[in-house]
Q: 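Have a look at this one before I ask anything.
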There are 2 protein chains.
Amino acid sequence: MENILFDFISKYITLTEDEKNVLVSLNLFRSAKKGTILLKEGQHSKESYFVLKGCIRSYYLIDGEEKTTAFYTEMDALTPHFVINKTPSEYFISCVEDSILTVSNSDMEAEVNSKFPKFELMCRKLSEELLAQQRIDFDEFKTSSPEQRYLNLLQSRPDLIQRVPQHQLASYLGIKPQSLSRLRARILEKKS
Amino acid sequence: MENILFDFISKYITLTEDEKNVLVSLNLFRSAKKGTILLKEGQHSKESYFVLKGCIRSYYLIDGEEKTTAFYTEMDALTPHFVINKTPSEYFISCVEDSILTVSNSDMEAEVNSKFPKFELMCRKLSEELLAQQRIDFDEFKTSSPEQRYLNLLQSRPDLIQRVPQHQLASYLGIKPQSLSRLRARILEKKS
DNA sequence: CTCATTTCTTAACTTAAGTGAACGTACCTA
DNA sequence: TAGGTACGTTCACTTAAGTTAAGAAATGAG
């Protein structure tokens, strides 16, 4: 299990055996059942997650309705995003499937950063990369229709469509479940 | 003019006079007329911009139509986002108004980072902050209708609505100019 | 100042998403 | 096994955005 984490880290920096051991000793690993809520609206957690296996999602609860904004699957990193305003979280994080994660908080990160300065470098590279990807995703969302967004998702993350309930997918695409059903029917009709 | 830049930097790290002088000696400052295109689709520039005065925007050209994805005004930093795929830019950057900018490329950044390691820290903090803000903006976009997005923009960046042509604003909101006109008329009607 | 171009608004019509309701299926659980 | 709940699909209807076109207003160049 650790190997997935080390494979991920090795994309950014090279670790010695000693450094790997320090990481393992931190007891980062946690498994969580489908449906487990990792973060509730209003909590002020600074936990970061890295998905080793499974799928987690972030969502807002607006007028009693869940609005899913992101899915994180194997090798995805989720850092909470209320760094700026420092107000409590306005969103939830929960497990779509039984999952195995690493969980770290800012204290642990500070500790590791001070012991191994190259972690600082990894953090910078990672957040730059996440920022770039986030911008690309946002641009793509803004410049396409719900139908195009669905077709793009079919290309880029076909597994999600199988793994995730339709109503969560729909709100991720910015539409209602009924519209997703209709849209899928429309696409099938076009093909024939 | 330099002071705006130093004020911005001081939010992240503290600079000595020597360090400030090095920055000034780099000749970062450039002014650009309204309409100037700073980056064209297909170019492979690694320039970063920081807006001291004026307004610049990024946009895609899709089926002959401009799709504006972001506006950057005073104190905003724009880092190009094809860090990952390393393919040429798929979007344009141009000046909405006569603007004064600082322009830096990755070579210059590497030079400054090696001379003053604390710049590395600033870059990390900045990209973490930008990532957080980007996520918040994306979430807000996804969870609201065009009308709500317009009302939110009216709250959060009222200056944009004055400074920016309507058709650019419309595509920034993800709709057509005609729909923005109609939507504004609808809002006015509701108020009365 | 005038002409041409661009930008913005309005209107009529089309298309697609939102809404509310009904129905079938699968999955729990008592 | 029976009843309940959650989920997905379908339908009819409503609402809002896309499209096409026309005209008014602002901008810019000569």
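Values reported hereafter were calculated over all heavy atoms of this structure, with side chains retained and with hydrogens, waters and symmetry mates removed.
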Q: Name the closest nucleotide to the B/K34 side chain, picking from D/dG28, C/dA17, D/dT9.
A: D/dG28
Q: Considering just the side-chain nitrogens and oxygens of A/H167, establish if one lies under 4.0 Å of OP1 or OP2 belonging to D/dA6.
A: no
Q: Which listed nucleotide (D/dA17, D/dG8, C/dA17) is nearest to the side chain of A/S179?
A: C/dA17
Q: Distance check needed: C/dC8 C1' versus B/Q168 CD, whole Å only.
A: 13 Å
Q: Fit a plane to each ring of A/F141 and B/F141, take the angle between them on a 0 to 90° scale, and name the class: parallel (under 30°), tilted (30 to 60°) or perpendicular (over 60°).
A: perpendicular
Q: Less than 6.0 angstrom separating the ring centers of B/Y172 and B/F71, yes or no?
A: yes
Q: Could you please name the option among D/dT9, D/dA16, C/dA17 that lies closest to any side-chain atom of A/R186?
A: C/dA17
Q: Take the protein atom CG of B/L183 and the nucleotide atom C1' of C/dC8, then report the distance between them rounded to whole Å.
A: 15 Å
Q: When the distance from CD of A/E147 to C1' of C/dA16 is rounded to whole Å, what number comes out?
A: 9 Å
Q: Any side-chain donor-acceptor pair under 3.5 Å between B/Y150 and B/R184?
A: yes
Q: Identify whether NZ of Lys or CZ of Arg in B/R135 sits under 6.0 Å from the centre of the six-membered ring of B/F138 and within 45° of that ring's axis.
A: no
Q: Measure CD/B/E66 against C1'/C/dT6 and give the value in whole Å, please.
A: 12 Å
Q: Would you indicate which nucleotide in C/dT19, C/dA17, D/dA21 comes nearest to any side-chain atom of B/Q178?
A: D/dA21
Q: Considering just the side-chain nitrogens and oxygens of B/S181, establish if one lies under 4.0 Å of OP1 or OP2 belonging to C/dT10.
A: no
Q: Establish whether the base of D/dG18 is bridged to the side chain of B/R182 by a donor-acceptor pair shorter than 3.5 Å.
A: yes
